[in-house]
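To keep things clear, I will list the structure first and then write my remarks on it.
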Amino acid sequence: MVNEFEQLSYQSGFGNEFATTDPRVPDALPHGQNSPQMCAHGLYAEQLSGSAFTAPRHQNKRSWLYRIRPSVIHRPFAPIDLPHLTSDFSKGEITPNQYRWNPHPIPQEGKNIDFVQGLYSVCGGGDVISRVGLAIHNYACTVSMKNKAFYDSDGDLLIVPQQGSLEITTEFGRMHVAPQEIVVIPQGIRFSVGVSGPSRGYILEVYGTHFQLPDLGPIGANGLANPRDFLTPFAWFEEKDEPFQIVNKYQGKIFQAEQNHSPFDVVAWHGNYTPFKYDLRHFNVINTVSFDHCDPSIFTVLTAPSTKYGTAIADFVIFPPRWGVADHTFRLPYYHRNCMSEYMGLIVGCYEAKEGGFRPGGASLHSMMTPHGPDVKGFEKGSTEPMTPQRIAEGTMSFMFESSFNMAISPWAVKENVDTNYYKDWQPLKKHFKMP
């Protein structure tokens with residue numbers, strides 16, 4: 001049976017000005033203006049702004065949607081409880097210890113948990129009300145969202161599937177997102193997640209900023225994540241007059257409203273504020289061809305900048321398959337203490353610096369200035385392996401959410417699913433120093 005989502009086509013380019021209409025209504029997009037007195041086919045015009053009106057042109061984000069009903073038609077929101085989702089980490093655990101989590105558990109067979117119900121906050125920093133900071137979540141679900149949509153008023157969501165593909169319906173169209181792909185849903189955009197079986201993954205949420213491509217500097221015009229490889233959906237709509245739940249994350253709290261129609265009723269749209277996806281296997285790896293181990297910033301896919309130039313609220317960094325050719329060099333990641341916080345996850349395969357306890361679906365957190373680096377097996381291998389060209393991380397895709405913010409761990413993640421033996425990875429490291 002053909003999966004309709006797997007057959008979808010997309011518009012190409014990062015941050016482009018797109019214009020698209022559902023082919024069932026080819027003349028739905030107005031020409032020469034945004035808000036005509038009467039839109040074609042009785043549609044409503046609605047602008048979705050992702051930046052201040054007066055933001056510089058290169059930072060200005062907005063899209064115009066032409067929809068069957070305006071999104072304002074809903075009953076009042078009321079608070080609901082999602083016990084493991086939070087943006088308030090003031091009650092979280094503050095610890096400088098290295099943390100590692102076993103693979104995030106998937107709900108047991110027979111438990112019908114959708115994407116929203118399966119959200120699980122791990123750690124975060126900053127403040128959601130002043131809109132400066134970030135949060136890191138897991139998700140685990142077994143069923144699709146049925147007549148339910150979610151949107152985040154607090155920030156952008158970068159979603160990293162680890163197990164199971166996601167069939168995502170948004171106001172802008174539909175996307176199929178498989179493991180080793182990512183999807184970004186900017187602040188305020190409504191979406192629903194469908195799954196065909198047990199699914200889990202990771203989420204990076206950033207407040208008060210948007211994801212953008214990193215500057216390339218001396219690398220030049222090409223390399224890393226190339227703009228043409230980012231994909232945005234074509235317009236698609238459904239005319240469904242049925243009860244729908246609209247779930248909203250606002251100032252870290254969860255609210256729900258009821259309405260009698262689908263929110264996915266946008267017949268046409270144009271603009272540059274859109275959801276998009278990216279296949280991590282398209283990343284053009286830049287690496288040393290002489291000596292020493294490059295800093296991990298060379299593997300940055302997307303960055304969410306702060307107001308301090310060169311310092312990110314969060315970077316999304318990957319470690320894909322690549323060649324290692326450095327001469328007389330310890331090729332594994334070096335031992336490190338960092339003024340940034342580093343959260344790592346593993347999508348598939350085996351991370352080269354820790355080939356034991358770090359498993360797909362698991363994660364680690366190395367807090368600001370907390371030492372970290374290869375375990376004893378990694379050190380011994382990296383110190384003695386032949387200096388011949390080698391494929392590194394073949395069959396593997398790991399990633400890092402790196403942030404300039406201190407992060408606290410949620411009250412549940414500090415004690416649930418924790419690998420309490422993580423620190424032991426470094427205890428067998430021997431003293432090799434010999435006095436000359």
Side-chain angles (χ1 to χ4, degrees), residues 5-23 29 48 50-51 56-64 156-161 165-186 189 191 204 206 209-236 268-287 294 296-305 312 314-323 347-348 393 397 399-400:
F5 275 81
E6 293 179 0
Q7 307 302 312
L8 293 171
S9 57
Y10 301 90
Q11 305 173 92
S12 168
F14 187 90
N16 288 8
E17 287 284 342
F18 296 105
T20 172
T21 183
D22 189 303
L29 204 61
L48 177 62
S51 63
R57 182 169 287 245
H58 70 281
Q59 296 176 341
N60 212 295
K61 300 290 184 183
R62 54 79 188 102
S63 286
W64 279 90
D156 289 13
L157 300 174
L158 188 157
I159 303 172
V160 186
S165 297
L166 304 180
E167 299 172 354
I168 299 180
T169 301
T170 79
E171 296 172 275
F172 290 75
R174 300 176 297 170
M175 294 180 287
H176 181 266
V177 187
Q180 300 198 65
E181 295 181 313
I182 61 167
V183 62
V184 172
I185 309 291
I189 292 177
F191 68 100
L204 171 60
V206 294
T209 186
H210 296 300
F211 289 103
Q212 64 184 49
L213 294 173
D215 291 333
L216 293 180
I219 292 174
N222 307 288
L224 307 187
N226 289 310
R228 65 177 296 190
D229 293 324
F230 288 83
L231 302 177
T232 291
F234 286 102
W236 177 89
W269 62 267
H270 74 84
N272 64 356
Y273 189 59
T274 72
F276 57 85
K277 75 169 197 167
Y278 174 74
D279 190 327
L280 303 178
R281 290 160 292 196
H282 291 160
F283 188 79
N284 179 212
V285 179
I286 306 294
N287 208 352
C294 291
S297 52
I298 205 73
F299 300 111
T300 301
V301 178
L302 292 169
T303 183
D315 286 328
F316 175 60
V317 180
I318 64 171
F319 304 101
R322 59 200 183 275
W323 282 99
I347 301 169
V348 65
M397 186 67 74
F399 71 88
M400 179 168 65

Is any side-chain heavy atom of [Y] closer than 4.5 Å to one of [X]?
{"X": "V285", "Y": "P320", "value": "yes"}
{"X": "F399", "Y": "V301", "value": "no"}
{"X": "R322", "Y": "F299", "value": "yes"}
{"X": "W323", "Y": "N287", "value": "no"}
{"X": "P233", "Y": "L8", "value": "no"}
{"X": "I347", "Y": "I318", "value": "no"}

Return the [atom1] to [atom2] distance between [X] and [Y], rounded to the nearest 0.5 Å.
{"X": "S297", "Y": "M400", "atom1": "OG", "atom2": "CE", "result": "8.5 Å"}
{"X": "F319", "Y": "F283", "atom1": "CZ", "atom2": "CZ", "result": "10.0 Å"}
{"X": "I298", "Y": "I286", "atom1": "CD1", "atom2": "CD1", "result": "6.5 Å"}
{"X": "Q59", "Y": "K61", "atom1": "CD", "atom2": "NZ", "result": "9.0 Å"}
{"X": "F316", "Y": "T303", "atom1": "CZ", "atom2": "OG1", "result": "12.0 Å"}

Please list, one pair per line, the donor and acceptor atoms closer than 3.5 Å that link side chains of residues 169-186 to other protein atoms, with sequence neighbours excluded.
from	atom 1	to	atom 2	distance (Å)
T170	OG1	F172	N	2.9
T170	OG1	G173	N	3.2
T170	OG1	G173	O	2.9
E171	OE1	R190	N	2.9
E171	OE2	R67	NH1	2.8
E171	OE2	R67	NH2	3.2
R174	NH1	E4	OE2	3.3
R174	NH2	E4	OE2	3.3
E181	OE1	A178	N	2.8
E181	OE2	K277	NZ	3.2

Contacts under 3.5 angstrom, residues 12-21 side chains, donor-acceptor by atom type, not counting sequence neighbours:
from	atom 1	to	atom 2	distance (Å)
S12	OG	R228	O	2.5
N16	ND2	S12	O	3.1
E17	OE1	R62	NH1	3.4
E17	OE2	R62	NH1	3.3
E17	OE2	R62	NH2	3.4
T20	OG1	A235	N	3.0
T21	OG1	V25	O	2.9

Original post:
By salt bridge (Lys or Arg N to Asp or Glu O under 4.0 Å), which residues pair with D229, not counting sequence neighbours?
Top reply: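 For D229, no residue satisfies salt bridge (Lys or Arg N to Asp or Glu O under 4.0 Å) once neighbours in sequence are set aside.
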**OP:** Could you tell me which residues satisfy side-chain hydrogen bond (donor to acceptor under 3.5 Å, both in side chains) with D279, sequence neighbours excluded, listed by chain and number?
**Re:**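 Partners of D279 by the side-chain hydrogen bond (donor to acceptor under 3.5 Å, both in side chains) criterion, ordered by chain and then number, come out as R281.
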Let me have the donor-acceptor pairs involving side chains of residues 210-227, under 3.5 Å, with sequence neighbours excluded, atom names and distances please.
from	atom 1	to	atom 2	distance (Å)
H210	ND1	D156	OD1	3.1
H210	ND1	D156	OD2	2.9
H210	NE2	G50	O	2.5
N226	OD1	G223	N	3.1

Original post:
What pair of heavy atoms forms the shortest contact from T300 to L302, and how long is it?
Top reply: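 Nearest heavy atoms, T300 then L302: CG2-O, 3.5 Å.
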Subject >> Heavy-atom closest contact (T209 atom, P305 atom, distance) >> reply: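 Reported closest heavy-atom pair: OG1-O, 3.0 Å.
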**OP:** With sequence neighbours excluded, tell me which residues meet side chain to side chain contact (heavy atoms under 4.5 Å, CB included) with P23.
**Re:** none
Original post:
Stepwise, does the side chain to side chain contact (heavy atoms under 4.5 Å, CB included) test hold for F191 with L157?
Top reply: CA-CA 11 Å; F191 68 100; L157 300 174; 4.0 Å; yes
Original post:
Parallel, tilted or perpendicular: which fits the ring planes of Y278 and F230, with parallel below 30° and perpendicular above 60°?
Top reply: parallel
Subject >> Sidechain-backbone polar pair: N272 side chain, N60 backbone, donor-acceptor under 3.5 Å >> reply: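 Side chain of N272 to backbone of N60: a pair is present.
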